[in-house]
Amino acid sequence: NKRLHQDSFGVLIFRCYLMTQSDLKLIEKARMVSCYDFGEIDNLIALAESDEAKEQLRLIRNRKYHMEEMRYDMGR
């Protein structure tokens, strides 16, 4: 069974019963990373145990990358 919810970045999160507590903590940690430091999420992806967590971390990373890109363009 899977449950869906939307996180504060507008990314759909799949909470699977197979996802470990460690994976959920990595996702929470990724949410706290600044958009300017989005590359740090790659380290969290490497630590993730499940494919679901890796995918969610990639989605968060991509969202933060685009947020940083948008802020950079607005500063020009």
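Quick note: numbers below take in every heavy atom, side chains included, and nothing from hydrogens, waters or symmetry partners.
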Please report the shortest heavy-atom distance between I60 and I41, naming the atom on each side. CG2-CD1, 4.0 Å
Taking the hydrophobic residues Ile, Leu, Val, Met, Phe, Trp and Tyr, and joining any pair whose side-chain heavy atoms are under 4.5 Å apart, which ones share a cluster with Y36? none
Shortest non-hydrogen pair, M67 vs C35, comes out as CB-CB, 4.0 Å
Quick check: are there more than 12 heavy atoms from other residues, nucleotides or ligands sitting under 6.0 Å from NZ of K29? no
Residue list, ring pair (Phe, Tyr, Trp, His ring centres under 6.0 Å) with Y65, at least two apart or on another chain: F38
Side chain K64, main chain V33, donor-acceptor under 3.5 Å: yes
Residues that E55 engages under salt bridge (charged side-chain N to carboxylate O under 4.0 Å, His left out), provided they are two or more places apart: R58
Set out, in order, the CA-CA distance, both residues' side-chain angles and the distance that settles salt bridge (charged side-chain N to carboxylate O under 4.0 Å, His left out) for E28 and R31, then state yes or no. CA-CA 5 Å; E28 289 299 320; R31 289 182 183 151; 2.4 Å; yes
Residue from D51, I27, L24 passing side-chain contact (heavy atoms from CB on, under 4.5 Å) with Q56: I27
Partners of E49 by side chain to side chain donor-acceptor pair (under 3.5 Å), sequence neighbours excluded? T20
Shortest non-hydrogen separation from I45 to L57 and the atoms involved: CG1-CB, 3.5 Å
For the backbone of A53 and the side chain of D23, can you confirm whether one donor and one acceptor N or O come within less than 3.5 Å of each other? no
For D42, the salt bridge (charged side-chain N to carboxylate O under 4.0 Å, His left out) test, sequence neighbours excluded, returns R61
